Structure formats: structure tokens, C-alpha cells
A.B. asks: 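Submitted below is the structure of interest, expressed as C-alpha cells.
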Amino acid sequence: MQETLQEFLVTEISEQEYYDGIIRFIYSGNIRCGEYECNQFVVKKMDLLNFIVFEEYVIDKKREIHNSFAISKSKLLSSINDYAKKQGFIIRSFERAN
């Protein structure tokens, strides 16, 4: 899981704009379940506190999911914000969205 999480962070938290979109999706209380399609990965919100992150490919017109892992909201936010801080991004707090 840790290796896939690190690959997710490197790939998807590469610009402030990408970071902002993912963080808004995670924090949004109006989205109880759904998917956020990033560049290479998909963040699937199972409920307000649980997520699955995975790589998605279309092969022969069929959706294939690789390298998935389940993660809690707090662990995902902590990992993303720690990585974004190292990249020099502005860290967003959408606590009012909860």
C-alpha cells in the first residue's frame, strides 16, 4: 500500500490546481460517495470517512483496476497535505465543508 500511495502522491499532487481539486472532493460533505478522476489514479469515496485509491485502465474497451488500496479520510488527508507541504503548495482547509 505504501508504495502505491507514494506513486499516487507523486503523480497526482504535482500542481496546486490538482491538489485543490482532490482536497475539495475529499472534504466535501455534499458528496457522500463517488469518484474523482485524477490523471492516472481514481479516488473513490465509499462514504464520508473511507476511500479507495486505484489506477484505472481501459483495455479492450473494458475497465480494469490495478494497484488499489483502502484508506481512511484522516490518513489520506494527512498524506496528501504532508506531501503538498513539501512541494511548497498552499495547504487548504475546508473544515467548514464537514
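These figures come from a predicted structure and were not determined experimentally.
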A.B. asks: From Ser14 OG over to Leu9 CG, what is the distance, rounded to the nearest 0.5 angstrom?
C.D. replies: 11.0 Å

A.B. asks: Check Ile26 against Ile80 and note the closest heavy-atom contact, atom names and distance.
C.D. replies: CD1-CD1, 3.6 Å

A.B. asks: Do the charged groups of Arg63 and Glu35 touch, with an N to O distance under 4.0 Å?
C.D. replies: yes

A.B. asks: Restricting to side-chain hydrogen bond (donor to acceptor under 3.5 Å, both in side chains), what partner residues turn up for Asp47, sequence neighbours left out?
C.D. replies: Asn50

A.B. asks: As an exercise, state the distance from CD1 of Ile71 to CG of Leu49, rounded to the nearest 0.5 Å.
C.D. replies: 13.0 Å

A.B. asks: Looking at Gly34 and Phe25, what are the two nearest heavy atoms and their distance?
C.D. replies: O-CZ, 3.6 Å

A.B. asks: Applying ring pair (Phe, Tyr, Trp, His ring centres under 6.0 Å) between Phe41 and each of Tyr57, Tyr18, Phe8, report the one that passes.
C.D. replies: Phe8

A.B. asks: From Gln16 CD over to Phe89 CZ, what is the distance, rounded to the nearest 0.5 angstrom?
C.D. replies: 6.0 Å

A.B. asks: Looking only at heavy atoms, what is the nearest atom pair of Glu12 and Asn39, with distance?
C.D. replies: OE1-N, 2.9 Å

A.B. asks: Side chains of Glu55 and Gln40: is there a donor and an acceptor less than 3.5 Å apart?
C.D. replies: yes

A.B. asks: List, by chain and number, the other hydrophobic cluster members for Met46, where Ile, Leu, Val, Met, Phe, Trp and Tyr join if side-chain heavy atoms come within less than 4.5 Å, directly or indirectly.
C.D. replies: Val42, Ile52, Phe54, Ile65

A.B. asks: Would you say Leu48 ends up clustered with Tyr27 if hydrophobic residues are merged whenever their side chains have heavy atoms under 4.5 Å apart, either directly or through other cluster members?
C.D. replies: no

